[in-house]
Amino acid sequence: MAEKPQSGDRQGAEDRSADAERLRSLEERIAALTPKPRVPGPMGKYEQANLAWRMVIELVTGLGLGGVLGYGLDYLLGTMPLMMIVFIFLGLAAGIKTMMRTASELDRKSGESPDRDERD
């Protein structure tokens, strides 16, 4: 025997749709109040200069360490200019590799390049 839908079932469906509407409204209000993630802005002039000096120091440090290590090995082994030349080139390669890593880090961090002066 088939049961007839009672008025309570219809009332339950209306309550569920009202609850769903209230839930959507609440989600929209929460989304409006939730702070959006900030995108990093373009780098300032001082940050760019700081990064340029960092890259220069990395290159010079690689050359210097390579020269010192090569000179030390030449002194110990008695092969006066050979190891120093080899290690200077290895230090140059290491310095360039470190500089390139820093440059790729710059690409990840920077936003749009600042075309205008910061005083605007």
- prompt: Rounded to the nearest 0.5 Å, how far does OG1 of Thr102 lie from CD1 of Ile57?
  reply: 11.0 Å

field: Atom pair CD1/OG1 of Ile85 and Thr79 - distance to nearest 0.5 Å
entry: 10.0 Å

query: Would Leu73 end up clustered with Leu90 when hydrophobic side chains under 4.5 Å apart are linked, directly or stepwise?
result: yes

- line: By salt bridge (charged side-chain N to carboxylate O under 4.0 Å, His left out), Asp19 pairs with (sequence neighbours left out) Arg22

statement: In short, salt bridge (charged side-chain N to carboxylate O under 4.0 Å, His left out) pairs touching residues 55-71 with sequence neighbours left out are Arg54-Glu58

task: Write down the atom of Ala103, the atom of Met55, and the distance for their closest heavy-atom approach.
output: CB-CE, 4.0 Å

- prompt: What's the spacing between Met100 CE and Leu59 CG if we round to 0.5 Å?
  reply: 12.0 Å

field: Hydrophobic cluster membership, Leu77 vs Val86, 4.5 Å side-chain cutoff
entry: yes

message: As an exercise, state the distance from CG of Leu69 to CD1 of Ile88, rounded to the nearest 0.5 Å.
response: 11.0 Å

query: How many angstroms lie between CZ in Phe87 and CG in Leu63, if you round to the nearest 0.5 Å?
result: 14.0 Å

- request: Evaluate the side-chain proximity of Tyr71 to Met80: yes if any heavy-atom separation is below 4.5 Å, no if none is.
  value: yes

- prompt: Looking at Glu28, Glu27, Glu21, which hits side-chain hydrogen bond (donor to acceptor under 3.5 Å, both in side chains) with Arg24?
  reply: Glu21

message: Restricting to side chain to side chain donor-acceptor pair (under 3.5 Å), what partner residues turn up for Thr61, sequence neighbours left out?
response: none

